[in-house]
Amino acid sequence: MPPTLASLVHHSALKLTVRAGEEHLDAPVRWAHASELTDPVPYMEGGELLLITALKLDAEDPDAMRRYVKRLAAAGVVGLGFAVGVHYDDIPQALVEAAEGEGLPLLEVPRRTPFLAISKAVSAAIAADQYRAVTAGFAAQRELTKQALSDGPEGLLAALAGQVDGWAALYDASGAVVATAPEWASRRAARLTSDVERLRDRTAPASAVVAGAEDRVELHSIGTGRRPRAALAVGTASTLGTAERYALHSAIALLTLTTERNRSLHAAEARIGEAVLRMLLAGEPDHARTVAGELYGSLLDAPFRLVVAEVPASAPEGGDPLAGLTDAVESAAARAGEALLVVPYGERLVLLVVDGGAGAAACVAHAESLETGRTEAVREQGNGDDAALLMGLSAPAGPIAAATAYKQADQALSVARRRGRTLVEHEELAAGSVLPLLADDAVRAFADGLLRALYEHDATGRGDLIASLRAWLSRHGQWDAAAADLGVHRHTLRYRMRRVEEILGRSLDDPDVRMELWLALKTTSSGTE
């Protein structure tokens with residue numbers, strides 16, 4: 001630790017005597033400085049031991065001394081050394097009382113002790129403290145390196161927590177807690193997720209300090225890329241000292257090396273993953289399984305789902321939605337120990353996730369989070385941005401049906417794009433109705449054009465051809481049933497259907513014509529309801 005006033009008082013060669021403020025001798029001394037100015041405060045930084053002979057001071061004036069000492073204390077001066085036998089044979093009582101009143105330590109410096117000796121003692125003590133800190137830092141670096149090599153990040157965190165006498169936590173790119181040391185710190189670390197997320201949005205390297213009632217936490221991004229690959233949190237009871245700071249910086253360097261090595265491995269894995277995906281889509285599952293090996297083999301041994309994601313052209317600017325999805329899914333799969341395939345595919349992102357696994361659940365949860373954000377924007381601002389991300393999710397499939405699964409995900413993605421939804425699952429298309437798929441301006445324009453002549457006819461009051469056509473189609477061409485629904489005679493209904501054929505120039509005996517008319521009626525009615 002740095003020198004204190006107490007250590008200077010106990011220095012046998014200096015022969016200093018405490019005349020006031022004895023209860024504050026534990027204050028650390030940053031430097032010893034001699035000044036005879038009547039107001040040296042503008043030249044003080046705080047933490048100094050000020051040495052004076054009172055050459056220009058009226059040291060016997062109580063009011064002057066109170067003002068003088070008050071300004072020194074306010075400036076952060078930790079002590080005052082008064083040389084006796086120079087201008088005063090003893091320290092004037094006015095100065096002693098002023099120092100006692102402010103609680104400022106006042107040291108009597110004998111004539112045989114030059115100020116230079118005090119400055120040298122302070123300088124030597126500071127240098128010795130810094131040397132101890134550097135030595136301790138190197139020792140900590142060796143220990144951290146040893147633990148990182150033998151036990152990985154978990155061992156490194158445990159060693160770091162011991163070095164700083166606190167706790168440490170490692171977060172992944174999504175802000176989720178990966179490991180903590182000691183274990184009791186996991187709950188404290190989890191409460192900092194939002195702070196880690198804000199740090200992640202800043203360009204690396206980034207750091208932040210979070211002060212709480214329990215401790216003081218420093219957050220540091222890990223990685224050399226624009227987007228941090230991880231984050232480190234260190235919680236301590238007080239500000240880190242020099243030795244602890246060395247240990248922290250060593251831990252950051254080691255974790256950065258680890259993540260950069262993992263980045264290279266991740267890039268190699270991504271190339272293998274792309275090859276596996278292309279083989280699956282080309283209908284070569286056996287070759288894909290051979291290339292996948294142990295890396296992705298477990299993913300191909302169980303049913304998987306295929307996700308196709310893209311960023312729409314109308315997406316709000318800012319951020320990287322595909323990277324956010326990747327972080328969320330990779331973090332969830334890593335925590336669950338699941339295999340995962342993430343492949344950039346042109347402007348799209350293709351993911352293979354275990355059916356019913358953590359990766360698939362993370363896709364759904366991420367989509368729900370984005371939708372919730374849009375809903376809140378509408379509620380708070382009256383309008384919301386278009387979807388920032390679109391995803392299509394296939395039905396469960398195996399390696400043989402990978403091409404079919406991709407087609408399903410692509411179809412679901414098209415529906416998500418049409419409906420402005422973040423995620424659509426293929427099962428929704430099979431279980432739902434085809435009518436919502438027709439909610440398109442081009443389809444409505446076709447329907448309006450097809451039925452316009454009938455609507456214009458009805459507007460003249462010469463009959464109700466639209467209602468008659470709807471009733472007849474809904475009854476599958478059964479004249480009596482449709483006429484009963486309309487409350488008219490069946491001959492009247494036959495006449496109206498002939499008029500429909502004449503006006504449209506189409507035969508109602510053609511099933512394609514009946515289908516188009518029925519869908520047009522459903523489309524226009526749904527658009528006006």
Side-chain angles (χ1 to χ4, degrees), residues 169-179 186 189-190 192-194 196-201 227-231 259 262-263 266 269-270 273-274 276-277 295-296 298-312 315 319-345 348-376 387-397 402 405-406 408-410 412-413 416 421-428:
L170 183 64
Y171 301 81
D172 62 18
S174 71
V177 179
V178 175
S186 58
L192 297 171
T193 299
S194 58
V196 174
E197 290 176 348
R198 284 191 291 271
L199 185 72
R200 180 191 60 193
D201 295 335
R227 284 179 58 83
R229 301 292 298 176
T259 56
N262 289 343
R263 188 195 296 267
H266 185 75
E269 292 175 359
E274 182 177 359
V276 170
L277 176 64
L295 187 59
Y296 298 113
S298 61
L299 181 60
L300 305 183
D301 290 337
F304 58 76
R305 286 179 181 256
L306 194 145
V307 182
V308 178
E310 69 178 17
V311 178
D320 188 346
L322 292 178
L325 172 64
T326 300
D327 289 345
V329 178
E330 284 184 339
S331 298
R335 290 193 294 272
E338 292 178 1
L340 171 71
L341 190 60
V342 181
V343 180
Y345 208 65
R348 294 177 166 184
L349 188 71
V350 178
L351 301 91
L352 260 68
V353 295
V354 175
D355 178 38
C363 282
V364 176
H366 190 69
E368 291 176 348
S369 175
L370 293 177
E371 288 291 350
T372 299
R374 293 174 62 194
T375 301
E376 292 177 351
L389 184 66
L390 301 174
M391 288 186 278
L393 181 62
S394 76
Y406 182 86
Q408 291 176 347
D410 183 59
L413 178 64
R421 289 175 51 187
T422 301
L423 173 67
V424 171
E425 299 186 35
H426 187 264
E427 283 92 336
E428 296 181 43

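Bear in mind that the values here come from a model prediction, so they are computed numbers and not experimental data.
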Q: Closest approach of H366 and L389, non-hydrogen atoms and distance?
A: CD2-CD2, 4.2 Å

Q: How long is the straight-line distance from CG of D355 back to CG of L306, given to the nearest 0.5 Å?
A: 12.0 Å

Q: For the backbone of V353 and the side chain of E338, can you confirm whether one donor and one acceptor N or O come within less than 3.5 Å of each other?
A: no

Q: Could you check whether any side-chain N or O of S394 sits under 3.5 Å from a backbone N or O of Q408, counting only pairs where one atom can act as donor and the other as acceptor?
A: no

Q: Sorted by first residue and then second, give each salt bridge (Lys or Arg N to Asp or Glu O under 4.0 Å) pair with at least one member in residues 360-370; sequence neighbours left out.
A: none

Q: Apply side chain to side chain donor-acceptor pair (under 3.5 Å) to S331 and list each qualifying residue two or more places apart in sequence or on a separate chain.
A: D172, S174

Q: Looking only at heavy atoms, which two atoms of P396 and E427 are closest? And how far apart?
A: CD-OE2, 3.4 Å

Q: Verify, without hydrogens or angle tests, whether Y345 (side chain) and V308 (backbone) share a donor-acceptor contact under 3.5 angstrom.
A: no

Q: Who pairs with E274 by side chain to side chain donor-acceptor pair (under 3.5 Å), at least two apart in sequence or on another chain?
A: R278

Q: Shortest non-hydrogen contact from L352 to L340?
A: O-CD1, 3.5 Å

Q: Nearest 0.5 Å please: distance from the CG atom of L192 over to the CZ atom of R198.
A: 9.5 Å

Q: Calculate, to the nearest 0.5 Å, the distance between atoms CG and CZ belonging to L393 and R305 respectively.
A: 5.0 Å

Q: One pair to check against side chain to side chain contact (heavy atoms under 4.5 Å, CB included): V354 and F304. What are the steps and the verdict?
A: CA-CA 4 Å; V354 175; F304 58 76; 5.9 Å; no

Q: Restricting to non-hydrogen atoms, name the atom on A362 and the atom on A328 that form the minimum distance, rounded to 0.1 Å.
A: CB-O, 3.9 Å

Q: Give the minimum heavy-atom separation between M391 and A309, together with the two atoms involved.
A: CG-CB, 3.7 Å

Q: If you take all heavy atoms of L390 and R421, which pair is closest and at what distance?
A: CD2-O, 3.0 Å

Q: With side chain to side chain contact (heavy atoms under 4.5 Å, CB included) as the test, pick out the partner of V329 among D327, T326, L325.
A: L325

